[in-house]
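Not measured: the values here are computed from a predicted model. Residue numbering restarts at 1 for every chain, and letters A, B, ... go by the order of the sequence lines.
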There are 2 protein chains.
Amino acid sequence: MIGNIISKKQKFYKEILKYLFFNKQLSCADLSGLIGKSIPLTTQYLTELMSLNMVVEKGYAASTGGRRPQTYSIRSGVFYVVSVAMDQLVTRIALISSDNIIVGEVEKFDLILANNPNSLNELITHLKTFIGNTKLPESKIAGIGIGMPGFVDTEKGTNYTFLHCADGSIVSKIQDALQIPTLIDNDSSLVGLAELKWGAAKNKEHVMVVNVGWGIGLGIISNGKLFRGKDGFAGEFSHIPLFDNNKICSCGKLGCLETETSLVVVAQKGARQLKKLQQPSLIKSLNAERIEESAKKIIEAAHKGDKFAIDLLSEAAYHIGRGVAILIHLLNPEEIIISGIGSLAGKVWMAPIQQAINEHCIPKIAEHTEVKISSLGYNAEIIGAAALVMDNYEKLPVIKEEAEKLIAQ
Amino acid sequence: MIGNIISKKQKFYKEILKYLFFNKQLSCADLSGLIGKSIPLTTQYLTELMSLNMVVEKGYAASTGGRRPQTYSIRSGVFYVVSVAMDQLVTRIALISSDNIIVGEVEKFDLILANNPNSLNELITHLKTFIGNTKLPESKIAGIGIGMPGFVDTEKGTNYTFLHCADGSIVSKIQDALQIPTLIDNDSSLVGLAELKWGAAKNKEHVMVVNVGWGIGLGIISNGKLFRGKDGFAGEFSHIPLFDNNKICSCGKLGCLETETSLVVVAQKGARQLKKLQQPSLIKSLNAERIEESAKKIIEAAHKGDKFAIDLLSEAAYHIGRGVAILIHLLNPEEIIISGIGSLAGKVWMAPIQQAINEHCIPKIAEHTEVKISSLGYNAEIIGAAALVMDNYEKLPVIKEEAEKLIAQ
DNA sequence: AATAACTTTTTAAAATTTTTATTAAGTGTG
DNA sequence: CACACTTAATAAAAATTTTAAAAAGTTATT
């Protein structure tokens with residue numbers, strides 16, 4: 001049964017567990033600062049959590065000029081998180097344990113989102129099987145986190161673009177079917193969250209995470225937190241009107257950023273040019289119908305230094321840079337991170353983006369803005385989905401058995 | 001002497017005074033929530049502040065379904081704030097008392113910022129005279145708040161565009177000269193802050209405040225707070241590259257938003273068209289050299305329904321709307337406020353901006369975004385400067401005498 | 001129109017949490 | 001290798017919050 005939070009103390013227990021999930025090892029002073037409670041109280045909570053077998057001492061950290069602090073970690077298997085990363089064609093599911101390690105294999109399967117009225121049911125069926133295979137009781141699963149494309153309202157638990165469900169929200173339907181707390185968010189927001197928690201945006205305040213994939217998403221980090229806007233739709237970078245190119249976009253408007261920069265466009269343009277221009281390249285053929293395969297070929301070739309592939313990506317990168325210049329003017333970030341599947345092409349992105357920034361920004365405003373390539377790569381979204389659950393861990397509906405265990409204290 | 005904060009209790013005293021400055025009348029429960037302390041403690045603080053003659057009871061508020069709450073107000077003259085609003089040509093100074101009322105007249109004088117190495121000294125001289133004329137001791141003045149154009153770093157207290165000062169920051173130079181805590185910020189940020197505290201953005205979370213004047217500034221309110229970005233430069237709306245018009249901008253780049261939308265451009269275009277086209281209009285003549293005068297004439301005529309003036313402003317408004325469409329995609333705000341001196345033209349702005357939003361936004365994302373015209377008008381910046389001081393009131397360096405008075409408690 | 005049931009504010013007493021002071025453990029310098 | 005200076009952990013004192021109860025109003029119902 002999914003109920004409500006039971007005690008205040010339990011909330012702080014959960015906060016401690018949450019920060020230990022995100023950080024692996026922390027001292028009592030660290031945790032005291034993070035949960036906003038005094039050191040004596042935090043000491044007490046930690047002692048109790050150790051006697052509950054949830055937290056363990058991990059020896060002393062190096063001194064910073066005085067007595068060395070004892071550090072603490074969370075045990076593996078105290079709880080688990082089910083992470084789901086969806087794109088328009090493929091969905092991946094992973095099981096992550098409380099010590100923040102992916103358990104077993106990441107499951108990958110086709111699930112078409114566009115014009116598929118059955119997509120939500122398919123997702124639920126897959127989730128049921130996946131969770132069944134883990135052999136874990138529901139009470140051991142803290143929550144399910146799902147990243148998906150489209151206009152997602154995290155608070156309402158709805159997606160206005162995909163996975164339509166007639167009555168109520170996606171979240172309530174999944175929770176009813178599986179009896180596990182569930183959270184959903186936009187894929188690019190989760191990529192941003194992953195960068196904030198474990199990637200290049202860690203400990204930064206103002207970062208723009210550009211999710212280069214079949215569209216150009218944006219995760220906005222402002223004041224050290226993921227920014228979602230009024231309805232959760234912030235970061236709709238793909239569709240800002242930027243070009244006079246008269247190309248019609250998937251959204252129906254003309255000249256969106258996406259029409260010159262997404263990997264779909266890159267793959268299509270690549271296929272066309274390869275055929276027409278007979279350019280020398282490591283790539284022998286590109287099929288404009290098989291976007292994913294073609295995009296991967298181009299990214300791989302670019303890695304090997306293939307000029308044709310690099311030129312293709314550079315052109316897209318420069319156009320992305322024009323959009324980034326606008327972001328810099330408006331939000332004055334300290335960092336731009338290129339993430340998502342496109343980031344696998346590596347440093348190729350950097351020079352053209354920096355070039356566009358130099359050309360289109362007032363120098364002073366871009367002075368302290370660094371461009372970086374994500375090191376999280378293809379895993380960013382799935383990691384971000386776990387972060388979404390754990391970011392809300394202490395607010396999550398409580399699972400009965402666990403609640404009793406904790407309240408028995 | 002400017003020293004440091006003395007006691008924790010004093011910090012809460014100041015927080016209470018701050019919230020009473022912003023709100024006029026508040027109940028104990030309101031204040032308890034605002035300062036984040038329990039009701040019994042807040043009661044105690046209020047009692048003490050009343051015995052210090054700083055706070056007074058203001059009778060009972062209407063019931064909301066139960067016992068009516070006692071309300072409290074701050075006394076006039078407990079402290080004062082000096083507010084300064086600068087633009088490139090004119091500076092205004094006002095004295096505001098603790099009950100949030102402008103005392104006496106707003107002083108207005110010419111102060112050229114561009115290419116004026118003496119501008120900071122001129123400002124300091126004016127401030128000295130102004131404060132001298134108030135006959136108030138420094139200890140009665142909580143702080144000086146200054147809004148100015150340019151790239152302002154509030155934390156460092158510097159402006160990279162105007163009011164250059166060789167050694168150290170603008171803030172430290174003013175503080176050294178006047179012995180009064182001082183804060184500076186970008187003019188558009190302060191217009192945004194004014195809207196947040198007393199205008200159309202009050203109690204909203206995500207709002208874009210467009211400051212229409214000699215440029216097009218932007219105050220960004222995100223999560224209910226003014227957003228400044230990494231170095232304080234966020235909201236550089238004027239210079240996002242948006243047009244293929246080949247017009248060179250004051251910043252040196254081509255096609256900035258400003259080149260089609262600022263009141264300078266409107267005035268210049270108006271003067272040109274009036275001469276060339278001999279259009280019928282209530283306006284008899286416009287001098288392209290005297291921008292302020294011409295802009296005012298156009299705004300006034302638009303108010304009277306003059307078609308020529310309305311067309312001029314509508315064109316600029318539509319272009320602003322294109323920029324606003326980008327803001328909506330990126331930040332998903334709940335409200336767009338047209339503020340600053342241009343807002344005096346009133347509702348003329350609304351239809352063309354809404355039109356541009358309809359044309360350039362994905363409908364879903366703009367669904368809940370309202371466009372509004374500010375009611376604060378020309379006073380926004382000067383009010384915002386006072387808000388800047390009071391927003392930081394409890395963090396401000398303490399003035400010795402006052403500190404002793406409070407600590408004597 | 002009067003009473004019961006429900007709200008909200010205010011006050012008082014009990015329980016919790018933080019602060020301050022003290023002790024313990026470790027670094028770096030002349 | 002003392003000596004001065006850190007930081008961490010613990011214990012006792014002080015401050016703050018929570019809980020409970022009383023006071024003051026509102027709304028619905030008979």
Side-chain angles (χ1 to χ4, degrees), chain A residues 4-17 19-20 23-52 55-73 394 406-409, chain B residues 4-17 19-20 23-52 55-73 394 406-409:
Chain A
N4 242 351
I5 275 189
I6 308 237
S7 77
K8 208 180 124 183
K9 190 181 215 175
Q10 197 183 8
K11 192 196 127 198
F12 290 117
Y13 280 169
K14 289 188 120 189
E15 279 205 54
I16 289 174
L17 296 177
Y19 286 113
L20 289 175
N23 289 290
K24 222 118 223 177
Q25 273 190 33
L26 288 172
S27 72
C28 181
D30 294 334
L31 282 164
S32 162
L34 287 166
I35 71 174
K37 296 276 122 184
S38 68
I39 286 181
L41 193 61
T42 310
T43 309
Q44 181 195 319
Y45 288 159
L46 278 169
T47 312
E48 288 162 2
L49 282 168
M50 284 196 289
S51 73
L52 281 168
V55 167
V56 285
E57 289 187 343
K58 273 282 163 127
Y60 294 100
S63 165
T64 54
R67 181 169 167 174
R68 296 177 306 180
Q70 180 63 254
T71 65
Y72 302 85
S73 288
E394 76 276 7
L406 288 174
I407 211 170
Q409 250 298 296
Chain B
N4 242 353
I5 276 189
I6 309 236
S7 77
K8 208 179 126 182
K9 192 181 215 176
Q10 196 183 8
K11 191 195 128 198
F12 290 117
Y13 280 169
K14 289 189 119 189
E15 279 204 54
I16 289 174
L17 296 177
Y19 287 112
L20 289 174
N23 290 290
K24 221 116 226 179
Q25 273 190 34
L26 288 171
S27 72
C28 181
D30 293 334
L31 282 164
S32 162
L34 287 167
I35 69 173
K37 296 276 120 184
S38 68
I39 284 180
L41 193 61
T42 310
T43 310
Q44 181 196 316
Y45 288 159
L46 278 169
T47 312
E48 288 163 0
L49 282 168
M50 283 196 291
S51 73
L52 281 169
V55 168
V56 285
E57 290 186 343
K58 272 282 162 126
Y60 295 99
S63 166
T64 54
R67 181 167 169 174
R68 295 177 306 180
Q70 180 64 253
T71 64
Y72 302 86
S73 288
E394 77 276 8
L406 287 175
I407 212 170
Q409 250 295 295

In whole angstrom, give the distance that lies between atom CD of A:Q44 and atom P of C:dT17. 7 Å

Quiz question: going by heavy-atom distance under 3.5 Å, is there a donor-acceptor pair between the base of C:dT8 and the side chain of B:R67? no

In whole angstroms, the gap separating C1' of D:dT16 from CD1 of B:I35 amounts to 12 Å

Take atom NZ of A:K37 and atom P of C:dT16, then tell me their distance rounded to the nearest Å. 13 Å

OP1 or OP2 of D:dG25 sitting under 4.0 Å from any side-chain N/O of B:S63? no

What's the closest nucleotide to the B:T43 side chain, out of D:dA9, D:dA11, C:dT11? C:dT11

Result for 5'-nearest mapping on DNA chain C, choosing between A:T64 and A:G36, is A:G36

Is B:R68 near enough to D:dA24 that one of its side-chain N or O atoms lies under 4.0 angstrom from OP1 or OP2? no

Look at the side chain of B:S38 and decide which nucleotide, out of C:dT9, D:dT17, D:dT16, has an atom nearest to it. D:dT17

Identify the two heavy atoms, one from B:L52 and one from B:Y13, that lie closest to each other, and give their separation to 0.1 Å. CD1-CE1, 4.3 Å

Should B:E48 and B:K9 count as an ion pair when the cut-off is N to O under 4.0 Å? yes

Ignoring hydrogens and geometry, is there a side-chain-to-backbone donor-acceptor pair from B:S73 to B:V56 under 3.5 Å? no

Nucleotide nearest B:Y45 when distance is taken to its side chain, options D:dT16, C:dT17, D:dA9: D:dT16

Reading DNA chain C from 5' onward, which residue's closest nucleotide shows up sooner: A:L41 or B:S27? B:S27

To the nearest Å, give me how far apart NZ (A:K11) and P (D:dT17) are. 14 Å

Value in whole Å for how far the P atom of D:dT7 lies from OH of A:Y60: 18 Å

Here the distance between atom C1' of C:dT18 and atom CZ of A:F12, to the nearest Å, is 13 Å

For the pair made of CD in A:Q70 and C1' in C:dG26, what is the distance, rounded to whole Å? 15 Å

Tell me the interatomic distance from A:I39, atom CD1, to C:dA21, atom C1', rounded to whole angstroms. 14 Å

Given B:T42, B:L41, B:I35, the one that forms side-chain contact (heavy atoms from CB on, under 4.5 Å) with B:S38: B:L41

If every non-hydrogen atom of A:I39 is compared with every non-hydrogen atom of A:T43, which pair is closest and at what distance? O-OG1, 2.6 Å

